[in-house]
Amino acid sequence: MNIDSSKLLAIETCSVFSVLPHIIWLALYGASRRWPIDPRPVLKWLRILRWVGWGIAIPLGLLGLARNQFPIYGLAMSTFSIGLSFPESWLKRRFASDLFKPR
């Protein structure tokens, strides 16, 4: 079976952006087990990264539709952005008491 290089690149890109949130989640889990971490800056960066992902996904999706192609890169970025909501919600649940303590 022969696959075009552009299709192979699309498959690789989708795979990387689908797995990357799980790798981030695993790294956060390992760090929280090993060291005491402050979840406030991590949550801030996850939220920023998630919105940047959405900001990139929408133009990529529209560009793919404008070129009359399947918007695979826009879907890959939106999958990445949706995937980041899982470690973010995990951090909120795990450190909920720490997040709402007065400073």
Atom pair CG/CG of L60 and L75 - distance to nearest 0.5 Å:
10.0 Å

Do L84 and L20 share a hydrophobic cluster, counting only Ile, Leu, Val, Met, Phe, Trp and Tyr and linking them when any side-chain heavy atoms are less than 4.5 Å apart?
yes

Would you list the pairs meeting side chain to side chain donor-acceptor pair (under 3.5 Å) in which at least one residue belongs to residues 63-78, sequence neighbours left out?
none

Cut-off 3.5 Å, no hydrogens considered: what does the side-chain donor-acceptor table look like for residues 11-18, sequence neighbours left out?
unit_1	atom_1	unit_2	atom_2	d
T13	OG1	L9	O	2.7
S15	OG	I11	O	2.8
S18	OG	C14	O	2.7

Would you kindly confirm whether F80 and L43 end up in one hydrophobic cluster when ILVMFWY residues are joined by side chain heavy atoms under 4.5 Å apart?
yes

Solution key, residues 45-59 side-chain donor-acceptor pairs under 3.5 Å, sequence neighbours excluded:
unit_1	atom_1	unit_2	atom_2	d
R47	NE	E88	OE2	3.4
R47	NH2	E88	OE2	3.4
R50	NH1	E88	OE1	2.4
W54	NE1	S81	OG	2.8

Without placing hydrogens or testing angles, list every side-chain donor-acceptor pair under 3.5 Å for residues 21-34, not counting sequence neighbours.
unit_1	atom_1	unit_2	atom_2	d
S32	OG	L28	O	3.3
S32	OG	Y29	O	2.9

Is there a path from M77 to F70 through hydrophobic residues (I, L, V, M, F, W, Y) whose side chains come within less than 4.5 Å of each other?
yes

